[in-house]
Every structure is written in structure tokens, then in C-alpha cells.
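Input: a single structure, listed below in C-alpha cells.
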Amino acid sequence: MEIFFYCKLQLACLAILCFLGYQFIREGRRLNNVSNQRFCNPTFDIMIVCAEIAVILDGVTAYTVNHLQTVPRTVNNICHLLFYISYQVFNVLHYTYWLKKTHRLPQTWKKRFWIYMPSVISIFATIYLMNTTEYRIGKYTNYSMGLSVYIIYGVLVLYFLRTFMIFLQNLRSIRNQKRTSLIAALVTVLLLLITQSIYPETLVSSIGLTLVILSIYLGIENPTVKTVEYYHDEMILGFSTLMETKDGSTGAHIRRTSAYAELIAEKLGERSDYRKIVDRDFINEMKTAAPMHDIGKIGIPDSILQKPGKLSAEEYETMKTHSAIGAEIIQNTFGQFEKLQQQSMAYQIALYHHEKWNGKGYPAGISGIDIPLCARIMAVADVFDAVSAKRCYRDAMPLDTCFKIIENGKGIDFDPEITDVFLQNRSEVEAIYNSVF
């Protein structure tokens, strides 16, 4: 039972990691089967396995370093080397995970080489210098020191600080509840690193690994939370599709306008003026919020929605109220959900997507950049689909005519820059049109 005395911390951490890994795999598979798509992050899969291996090796070295009289130095060196490498690999995976999450991971291996180079160099240097490692007698436990340890530890701190900076730069894109747990975990790990630097005898490496995995699992990768979010999004899409049937449309209108809006947002985000505004979170929220743009039609009489001819002035005024009705529905119904930023975007899109750049739209008559960006994007997507699809009161217009309508509305009905983005990506617009028609 002596091993439990030296490895009790590592055994406790390993039990937590194994439980989290089991839950992650089981719940993740169930969600993947339900949604027919992969929700679980493969990098996080590997991180859990790597963390478990590192904790096991941490326990092994905790035992061998305290039995210097019976365990040969070669065995100690090998065990410590494997532990250092596993910890370094985990650290790189953690950094890669956040690069992927923030969409900063380079696409080519040539560019990724410079990201991973410090870790690769440190591993080779550690292997070369392993024989210089010193095993010192501590008051409570023995521990390793030496140039190889300093190199590995220095690179660990470098990657952690890089990760911490990436996280801080993307704080606004993380919801408050998740933000708190992630910050707490990262700050704790930072304190553990400082403690380990000042008091090398405190072997707290396993705690740091476990906290990182636990914080990401609870804050981001929890399959149960993702299941709720998936059904939330499916409910919104289903409810929006149901509303579309009131005016004789099909769900294709929702899917097309969402796809157009997502395309515009992606291309707009590539421009330097919008790069900080239109990030991946903005695009994902735009994609989810877009289906609710006409949800207010539920409050419009079918006699108006399904009228085959031109609306009278009075009927048109009634039709115009659907934007305000939609905003109110979103505010009172979907506002109860956790995605407050998404709810806000859905509210703005529903209320303002009929505003015009020149101020002659409705319901508020606002103009220019006073119109929320998401609504300006939606305005182009919605009008293009409205004229390019068959409606109860007219046939679909030819695509050339539809693009001409958008072009003629530049600076009058639509944001000029958004109009340019849309027209410059005509081939991709047509691809969406043909695939979802």
C-alpha cells in the first residue's frame, strides 16, 4: 500500500479524468447519433487521453523518485522523460485547442511548424540532457531538478501564457457562465505554476492537468449542454419553418436566407474594417438568428399573407407590423434562453431587417450605420431570396434580374459595402440558390 502514500494525489486526479472521459465519450456518441453530425471536439478527445497518461506517469515518477535506493537511475530517467514529454504534448494540445476555438490555427503545416517548434526543440533538448537531471531529497518528498527540467518547464510556461493571452483576447465571445469557470481554472493553473516555481517540492502537475480538462469540459465541451443547445436551435428552426408556411413559403426560404446571410458575414469578416466585429461567433449567431427574421408573420392574417394579388395600402400597413411583432415574440419567448447575445441579434434582425440605407424603410425609419449590422446583412439576403423565389402573388424572377435589383439598391436600400460583398461572390450565392431551391 506504500504506492498510495506517494501517489494518492495522482490517483485522485486520474479517477476524475477517467470519469470525465467516460461521460464525454458516452454522451458525445449519443448526441452524434441524434444529430447525425459530430459535436464533440476530436482535439479534446486526445487531450483527455494525454492528460490521463501524463497523470499516470506523474504517479510513477512520484514513486520512483522517492525510492532512489531501490530504483535504478536509468529507470528514473526514463520514467521522468516520458512524463516530461507527455506533459509537453498535453500543453501543445491545449494551445492547439484554443487556436482552433478562436479560428487562429494556421491552415498549412509550414505555418504550424513555427507554433510547435519550441515544444519539439525542448523535447529533443530534454532527451539529450536527461543524464544531467538531479534527484534531490526534499523535506516531504524527493523531486527532480536540472537543466532538462528548466527547459521543459520554461516551454510549458511559454505555451500557457500564449494560451492565456488568446483566452483573454476572446473573452467577449464567451458567455458569462462559461467565462467565470474558465477564468477561475486558468488563474488557478497559473498560481500552481508559480507555486511549482517557488517550491519545486510541491508536485502539483496533476492538479493543473485535471483543472484544465475539468474547466473545458464544464465550460465548453459538456455534451449534455450541447444537447440542450442543439434542441434549442432545432426548435427555433422548426418554429420558424412553421411560420413560413403561413404565407405559402416552404422551409427553403429560411435555409436559403440563412445561408446567404452566413456567406455575406463570412466574406465581410475577411475585410480589415470588419475583422474584429464579424468573428466566428458573430457568424454562428447570425446563422442561428436569421431563421427568425419573419417570425412576426404569425400575427398577420392569412388573408393578407396568402393574397395572390397586390396588397392594398391598409393591408400593406398591417403587413409591416410583422417586424415589430416578431421582435416582441423573440423578446418575450426566446429571451428566456441563455444565449443572450444571440437573442439580441435575433431581436435586431426581426425588428430592423426592413430598414433601408436611405432611411425610408420601416418600422423605425433609421438609416445608414444606425441600422444594426446583422439587420443590414439580413436585408440583402431577404430581398434577394424574396425576388428569386416563387411567391403566391408572382413567379420567381430570373437570377440576372435579382442580382440587378440588389445592385440598383446599393446606397439606397442596402449598405453599399454589404452589397459589394454580395455581388462579388455571385458564384457562391448561385450555388446556395441551386442547392436549396
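Position 1 is the first residue of the sequence; numbering continues from there.
In this structure, CG in Asp294 is found 7.5 Å from CE in Met378, a value given to the nearest 0.5 Å. With values rounded to the nearest 0.5 angstrom, Leu211 atom CG is found 11.0 Å from Ile216 atom CD1. Atoms CG and CG, on Leu268 and Asp420 in that order, are 10.5 Å from each other to the nearest 0.5 Å. Distance NZ/Lys297 to CD1/Ile304: 12.5 Å, rounded to 0.5 Å. Here the CG-CD1 distance, from Leu82 to Ile56, works out to 12.0 Å after rounding to the nearest 0.5 Å. Atom CE of Met47 and atom CG of Leu209 lie 9.0 Å apart (nearest 0.5 Å).
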Between Val421 and Arg271, is the side chain to side chain contact (heavy atoms under 4.5 Å, CB included) condition met? List the steps. CA-CA 10 Å; Val421 167; Arg271 301 194 171 198; 3.5 Å; yes
Verdict with supporting geometry, Lys267 and Glu428, side chain to side chain contact (heavy atoms under 4.5 Å, CB included): CA-CA 11 Å; Lys267 299 302 181 181; Glu428 294 182 58; 3.2 Å; yes
Worked check of side chain to side chain contact (heavy atoms under 4.5 Å, CB included) between Ile152 and Ser122: CA-CA 6 Å; Ile152 283 289; Ser122 71; 4.1 Å; yes
Side chain to side chain contact (heavy atoms under 4.5 Å, CB included) between Ile377 and Leu373: does it pass, once the steps are laid out? CA-CA 6 Å; Ile377 293 172; Leu373 178 60; 4.2 Å; yes
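Taking the six-membered ring where tryptophan is involved, the planes of His293 and His353 are perpendicular, since the angle between them exceeds 60° and thus also 30°. Ring geometry for Phe90 versus Tyr87: interplanar angle over 60°, hence perpendicular rather than tilted (30 to 60°). Between Phe44 and Tyr97, the ring planes are tilted. Angles from 30° to 60° get that label.
With a 6.0 Å radius and a threshold of 12 heavy atoms from other residues, nucleotides or ligands, Glu314 has its CD atom at or below the threshold. Within 6.0 Å of CD in Glu315 there are more than 12 heavy atoms belonging to other residues, nucleotides or ligands.
Phe403 is listed as a side-chain neighbour of Glu430, based on a closest heavy-atom distance under 4.5 Å. Between Leu399 and Phe384 the shortest side-chain heavy-atom distance falls below 4.5 Å. Between Ile349 and Met292, every side-chain heavy-atom pair lies at or beyond the 4.5 Å cut-off. A 4.5 Å side-chain heavy-atom check between Glu407 and Thr419 finds every atom pair outside the cut-off. Taking 4.5 Å as the limit, some side-chain heavy atom of His354 sits within range of a side-chain heavy atom of Asp382. Side-chain contact between Leu20 and Leu214 is present, with at least one heavy-atom pair separated by less than 4.5 Å. Annotation: side chain of Tyr159 is in contact with side chain of Gln88 (closest heavy-atom distance under 4.5 Å). Side chains of Trp357 and Ile369 form a contact here, defined as non-hydrogen atoms less than 4.5 Å apart.
One finds a salt bridge joining Asp400 and Arg426 here, because a Lys/Arg side-chain nitrogen approaches an Asp/Glu carboxylate oxygen to under 4.0 Å. Between Lys320 and Glu317, at least one side-chain nitrogen of the basic residue sits less than 4.0 Å from a carboxylate oxygen of the acidic one, meeting the salt-bridge criterion.
With sequence neighbours excluded, no residue forms a ring pair (Phe, Tyr, Trp, His ring centres under 6.0 Å) with Tyr274. The side-chain hydrogen bond (donor to acceptor under 3.5 Å, both in side chains) check on Tyr153 picks up Ser197, with sequence neighbours excluded. Val120 pairs by the side chain to side chain contact (heavy atoms under 4.5 Å, CB included) definition with Phe124, not counting sequence neighbours.
For Leu57 against Ser86, the heavy-atom pair with the smallest separation is CD1-OG, 3.7 Å. Heavy-atom minimum distance, Thr318 versus Pro301: CG2-CD, 4.2 Å. In terms of heavy atoms, Ile432 sits closest to Tyr260 at CG2-CE2, 3.5 Å. In this structure, Ala327 and Leu351 approach most closely via the heavy-atom pair CB-CB, 3.8 Å. The nearest pair of heavy atoms linking Pro416 to Gly411 is CG-CA, 3.8 Å. Scanning both residues, Ala261 and Met286, for their nearest heavy atoms gives CB-CE, 3.8 Å.
Side chain of Lys287 to main chain of Ala290: no donor-acceptor pair is present (N/O by atom type, distance under 3.5 Å, no hydrogens or angles). Listed for the Asp385 side chain is no donor-acceptor partner under 3.5 Å among the backbone atoms of Thr257.
Here salt bridge (charged side-chain N to carboxylate O under 4.0 Å, His left out) pairs that include residues 367-378, with residues two or more places apart or in two chains, are Arg376-Asp415. For the salt bridge (charged side-chain N to carboxylate O under 4.0 Å, His left out) condition, the pairs that include at least one residue of residues 354-367, sequence neighbours left out, are Lys356-Asp413.
Side chains of Ser205 and Asp58: a donor-acceptor N/O pair is absent below 3.5 angstrom, by distance only.
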Please report, to 0.1 Å, the donor-acceptor pairs under 3.5 Å made by any side chain of residues 112-119, with sequence neighbours excluded.
| residue | atom | partner | partner atom | Å |
| --- | --- | --- | --- | --- |
| Arg112 | NE | Pro106 | O | 2.7 |
| Arg112 | NH2 | Pro106 | O | 3.3 |
| Tyr116 | OH | Thr96 | OG1 | 3.0 |

